[in-house]
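Reviewing the structure listed below.
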Amino acid sequence: MCYSIAFMEKRAGKLAARYQGILPPGWKEQLAGNEAGDDVLPTYYFVSGFAHPNLPVFGHDGMMLASWGLIPHWVKDRELAEKLRNGTLNAVGETAFEKPSFRKSIRSQRCLLPVDGFFEWRAHDGKKYPYFIYPDGDDMFTLGCLYDLWTDKHTGEMIQTFSIITTPANSLMAIIHNQKNRMPLILPRDAETAWVDPDTPHATVKDMIQPAGEHGINAHPVSRKLNYARQDRNTPEAIERVTYDELPDL
DNA sequence: CCAGACGTTGTT
DNA sequence: GTCTGG
DNA sequence: CCAGACGTTGTT
DNA sequence: GTCTGG
């Protein structure tokens, strides 16, 4: 699974350039000339999905800000919305086509979430050690996600929300995430366009939901201060390597 | 049919 | 809105 | 996911 | 053991 991520790259123009292949004509120019997104987007060295942060996701018709934790469009009241969204940070890729909460979104409302990396915990000798998992160089991971738009019938408020698809762990992630053996869907660059295209056949979508290969994926242990949710964990230290003598290598 | 759930995770 | 359990 | 709490009373 | 907050 994937319950916390890093998102430091907040320049709308750079994101637009990175994802220009999936953006309709004109979007790159709009975003590049509009710095407003930078005011809206904080820098997250570490952010928990349970805080339901607003993050930029890319759908077939452009970029939108969406809150992490998918609220299905059919939810009738805020109470159920608040309850469900804590359980929809992730969507199991193997079952998303059947689940009432995801069946519409996985068919026609797929999107991409760029992240600088994500965090998972490794259990060793009765303790939990957080790891930061990140791509090579300056690139970002592109996570395969679903989105939905929910309207509060009572207030008229509309909330755009998303969920991160998960797959079984690859061999690297199985060592780190040794108690859950899941990982987020990391899409190869050449799959991005088809992922967001609402007309991509279901069979093709299913084929895309596979564990990423280990190539290009790096991971190192980070501070156990991340285990304490009440502390301010959104600091540059969150992604810095910490060496624990007792931890076996990956 | 109706009522109620609708999600993730875990079991070192 | 759609599925499951009874 | 993790750490930490885990109760009662009153209340237009 | 199970729920809540972050």
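Nearest nucleotide to the A:Y3 side chain, out of B:dT8, B:dC6, D:dG4: B:dT8. For A:T166, taking side-chain heavy atoms from C-beta onward, the closest of the listed nucleotides B:dC6, B:dG7, B:dT9 is B:dT9.
Taking atom P on both D:dG7 and B:dG4, the two are 26 Å apart, rounded to the nearest angstrom. Comparing B:dT9 with E:dT2, their C1' atoms are spaced 14 Å from each other, to the whole Å. B:dT8 and D:dC1: their P atoms are spaced 12 Å apart (whole Å).
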note = Under a 4.0 Å heavy-atom criterion, the protein footprint on nucleotides 1-6 of chain E, written with B, S and -, is ----BB
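Between the NZ atom of A:K128 and the P atom of B:dT11 there is a distance of 6 Å, rounded to whole Å. Rounded to a whole Å, the NZ atom of A:K127 is 19 Å from the C1' atom of D:dC1. Between the CD1 atom of A:I165 and the C1' atom of B:dG7 there is a distance of 13 Å, rounded to whole Å. Rounding to whole angstrom units, NZ of residue A:K104 and P of B:dC6 are separated by 21 Å. Protein atom CG of A:N181 is 13 Å distant from nucleotide atom C1' of B:dT11, rounded to whole Å. Residue A:M183 contributes atom CE, which lies 16 Å from atom C1' of D:dC1 at whole-angstrom precision. For the pair A:R103 CZ and B:dA5 C1', the interatomic distance rounds to 15 Å; values are reported in whole Å. Taking atom CD of residue A:E98 and atom P of nucleotide B:dA5, one finds them 22 Å apart after rounding to whole Å.
Looking at residues two or more places apart in sequence or on another chain, you find a salt bridge (charged side-chain N to carboxylate O under 4.0 Å, His left out) between A:E237 and A:K225. Every residue was checked against the side-chain hydrogen bond (donor to acceptor under 3.5 Å, both in side chains) condition with A:T243, not counting sequence neighbours, and none meets it.
Using a 4.0 Å cut-off between charged side-chain N and carboxylate O, A:K99 and A:E94 make no salt bridge. Salt-bridge annotation for A:R78 and A:E157: present, with a side-chain N of the basic residue lying under 4.0 Å from a carboxylate O of the acidic one.
Between A:N227 and D:dA3 there is a side-chain polar atom (N or O) within less than 4.0 angstrom of OP1 or OP2.
Sequence neighbours left out, the pairs with a member in residues 71-106 of chain A that pass ring-ring contact (aromatic ring centres under 6.0 Å, His included) are A:F97-A:H202.
In secondary-structure terms, DNA chain D builds stems of at least 3 consecutive Watson-Crick or G-U pairs, each pair having both distances under 3.5 Å, at D:1-6 with E:1-6.
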request  = Could you please spell out the steps behind the side chain to side chain donor-acceptor pair (under 3.5 Å) verdict for A:Y19 and A:T142?
outcome  = CA-CA 10 Å; A:Y19 293 98; A:T142 299; 2.8 Å; yes
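Following chains of ILVMFWY side-chain contacts shorter than 4.5 Å, one cannot reach A:L84 starting from A:W68, and the two form parts of different hydrophobic clusters.
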Under 3.5 Å, which donor-acceptor pairs do the side chains of residues 131-139 of chain A form with other protein atoms, sequence neighbours left out?
unit_1 : atom_1 : unit_2 : atom_2 : d
A:Y131 : OH     : A:R122 : NH1    : 2.6
A:Y134 : OH     : A:H220 : ND1    : 3.2
A:D136 : OD1    : A:N218 : ND2    : 2.9
A:D139 : OD1    : A:R18  : NE     : 3.3

